[in-house]
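Below, read A as the first sequence line, B as the second, and so on, with proteins coming before strands; counting in each chain starts at 1.
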2 protein chains.
Amino acid sequence: VKKLKNITVIGLGLLGGSITQASLRAFSGVKVIGFTHRASTRRKARAMKVASKVVDDIGESVSGAELIVLATPISTFAEIFEQIRDSLPAGCIVTDVGSTKVQPHKWASKFLPKDVHYVGSHPIAGSERRGVEFSRDDLFDGASCVLTKTGKTDTKAIERLKDFWKALGCRVSVMSPSGHDKVFAMVSHLPHLAAACLVNAASEEALGFSGSGFIDSTRIASGPVNIWSDIFLTNAENSIKGLDGLIRELGKVKETIEKSDRRGLEKFLEKAKKKRDTIIRRKFEKKGFLS
Amino acid sequence: VKKLKNITVIGLGLLGGSITQASLRAFSGVKVIGFTHRASTRRKARAMKVASKVVDDIGESVSGAELIVLATPISTFAEIFEQIRDSLPAGCIVTDVGSTKVQPHKWASKFLPKDVHYVGSHPIAGSERRGVEFSRDDLFDGASCVLTKTGKTDTKAIERLKDFWKALGCRVSVMSPSGHDKVFAMVSHLPHLAAACLVNAASEEALGFSGSGFIDSTRIASGPVNIWSDIFLTNAENSIKGLDGLIRELGKVKETIEKSDRRGLEKFLEKAKKKRDTIIRRKFEKKGFLS
């Protein structure tokens, strides 16, 4: 596999700024270009030296790149693909870090030239914070990263992209876009919706008494609103299915409480506890620590 | 206020063992007796020196106490009140650390002698772990503790109990049992049910991809099943109301996604984010750090 020498990251928020920094750390002699349309972010990014060069011309930013990573909200991808398509070098790899993958694949096949290789990426890293000021070169250490491919995706591009994320510290797996969106609706998108609903269901007075249980279980509800709106709207069908499933489970446990059915209630809670304890145990086994 | 010299804790799990240790740390010269019916727990508790004395006779354990703290599952309170009622010194204070308070008050007025003072306690501390092996003398440092009283509760007993929890490191507030149960249904019991439902709604395959968002938002689902069954069953009406409210909110957000109503979705998420960010900010202001 050829060593990456030119990487461009579009969007310098928490993820984008971390990708540029992690790339500088991982690849000696690499040239990492960061693009952001916001002047204030460019100033911060330059002051933090997150990239070899921070530019304000998106076409120029990609013209010499072997790998281009979109780290902007999903709803901007179509427009960005159109903006960069004529400047992309033949044979380059384009990826993104959006949390849904069906829609990016659709836009890529619609807007990107046939001689560039699109592969989806979803690094499971980040936090409820945002902005280049929170970016860091070790954000991906020990994180999972899911790559997505279709039957048409170039095999060598997948391998190169795998190596890229591994060099940044990730464990990499590969899925189909639709498989990805189904799975992440359950473990990421639905918990976010549940967290927002928990907060909205509680009165201000009650919230004053919240302890670490509430704080932890709703942490994700403090995430950036536009990013998450994009996620739910580009994974609408699975989000709706997930909501229906959650409402069904809430109805089941409600019935056990209404009927004072201690055995049924305990079985329900025990099932959840066992399933969750299994995840935690597997994470320990795999990595030696929790992420 | 008279200094406490004799404290008895019934039940030596995470909370009970932490109360005995914190009491030994807080009150010089105090005699702290711990009771547990389990021989294996008595052995561990003695090895860890969590109390001045660990005994296996519940009547004997309370016979010289000024303050008796029940730290067993809520469903055991009625039976324990009956077991200790004839051994309680006149004028002593009886409290508990159960997470619901209406039912304990009912049992106390039914089973406890008229010459002892019952006040409810709910220290907001602990974790999803259990057992005396996780107990520690600083579990209550910086924690909130809600005391519950009715119109009949002895005012001096409330003051003494306030001083007790403050000495253990708590910020103390006082509420009615029904006010308490309403508030904690929203910020504690409902999030737990939601967490269990999120886990049960997800497939095993999906769970393999869970990241820190899912892990954090479902942490409480790993809590002890019998303790939590007691909580939901002794706070059934508020739990059911909470579930109905949560199902309503999930329906609202589902509608915005179904209709591709970006504005409505963003408003919903923005409301949750603002409410939650406000809690976090208040916690910072109050304490200088998060709990």
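Under the side-chain contact (heavy atoms from CB on, under 4.5 Å) criterion, B:Ile227 pairs with B:Pro73, B:Arg130, B:Pro224, B:Ile231, not counting sequence neighbours. Scanning for side-chain contact (heavy atoms from CB on, under 4.5 Å) contacts around B:Glu255 gives B:Lys259, with sequence neighbours left out.
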### Task
Just do the side chain to side chain contact (heavy atoms under 4.5 Å, CB included) check on A:Arg262 and B:Asp230 with the steps written out, would you?
CA-CA 9 Å; A:Arg262 172 177 288 270; B:Asp230 282 3; 2.7 Å; yes
### Check against side chain to side chain contact (heavy atoms under 4.5 Å, CB included), B:Leu193 and A:Ile257
CA-CA 11 Å; B:Leu193 291 170; A:Ile257 298 172; 4.0 Å; yes
### Query
Taking it one step at a time, do A:Lys182 and B:Ser203 satisfy side chain to side chain contact (heavy atoms under 4.5 Å, CB included)?
CA-CA 10 Å; A:Lys182 215 173 272 180; B:Ser203 67; over 6 Å; no
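Between the side chain of B:Lys273 and the backbone N or O of A:Ser222 there is at least one donor-acceptor pair closer than 3.5 Å. Between the A:Arg276 side chain and the B:Val199 main chain, no donor and acceptor come within less than 3.5 Å of each other.
Of all heavy-atom pairs spanning B:Val187 and A:Ser210, the tightest one is CB-CA, 4.0 Å. Closest heavy-atom contact between B:Cys197 and A:Val253: SG-CG1, 3.9 Å. Closest approach of A:Ile279 to B:Ile215, counting heavy atoms only: CG2-CD1, 4.0 Å. Between A:Arg219 and B:Asp216, the shortest heavy-atom contact is NH2-OD2, 2.8 Å. The minimum heavy-atom distance linking A:Glu249 with B:Asn200 is given by the pair OE1-CB, 3.5 Å. A pairwise comparison of heavy atoms in B:Ala194 and A:Leu250 identifies CA-CD2, 4.3 Å as the closest pair.
The 12-atom threshold is not exceeded at CD of A:Glu79, counting heavy atoms of other residues, nucleotides or ligands nearer than 6.0 Å. Within a 6.0 Å radius of CZ in B:Arg136, other residues, nucleotides and ligands contribute more than 12 heavy atoms.
The most heavy-atom pairs under 4.5 Å with chain B, out of A:Ile240, A:Ile247, A:Asp277, come from A:Ile240. Annotation: maximal heavy-atom pairing with chain B below 4.5 Å, among A:Gly245, A:Ser229, A:Ser239, occurs at A:Ser229. For the options A:Ala221, A:Gly242, A:Gly251, A:Ala195, heavy-atom pairs under 4.5 Å to chain B are most numerous at A:Ala221. In terms of heavy-atom pairs under 4.5 angstrom with chain B, the leader among A:Ala202, A:Ser144, A:Ala185, A:Ala206 is A:Ala206. Residue with the most contacts toward chain A among B:Glu258, B:His192, B:Glu266: B:Glu266 (heavy-atom pairs, distance under 4.5 Å). For the set B:Glu270, B:Glu204, B:Lys274, the entry with the most heavy-atom pairs within less than 4.5 Å of chain A is B:Glu270. Among A:Met186, A:Glu205, A:Lys275, the residue making the largest number of heavy-atom pairs under 4.5 Å with chain B is A:Lys275. Of the residues considered (A:Asp261, A:Ile124, A:Leu243), A:Leu243 shows the highest number of contacts with chain B, using heavy-atom pairs under 4.5 Å.
Residue contact with chain B, scored on non-hydrogen atoms closer than 4.5 Å, is absent for A:Thr278. Looking at A:Phe268, the atoms closer than 4.5 Å to chain B (heavy atoms on both sides) sit in the backbone and in the side chain alike. Proximity to chain B is absent for every atom of A:Thr234, based on heavy atoms less than 4.5 angstrom apart.
Interatomic distance, CG of B:Leu265 versus CH2 of A:Trp228, reported as 11.5 Å (0.5 Å rounding).
Between B:Leu269 and A:Phe232 the shortest side-chain heavy-atom distance falls below 4.5 Å.
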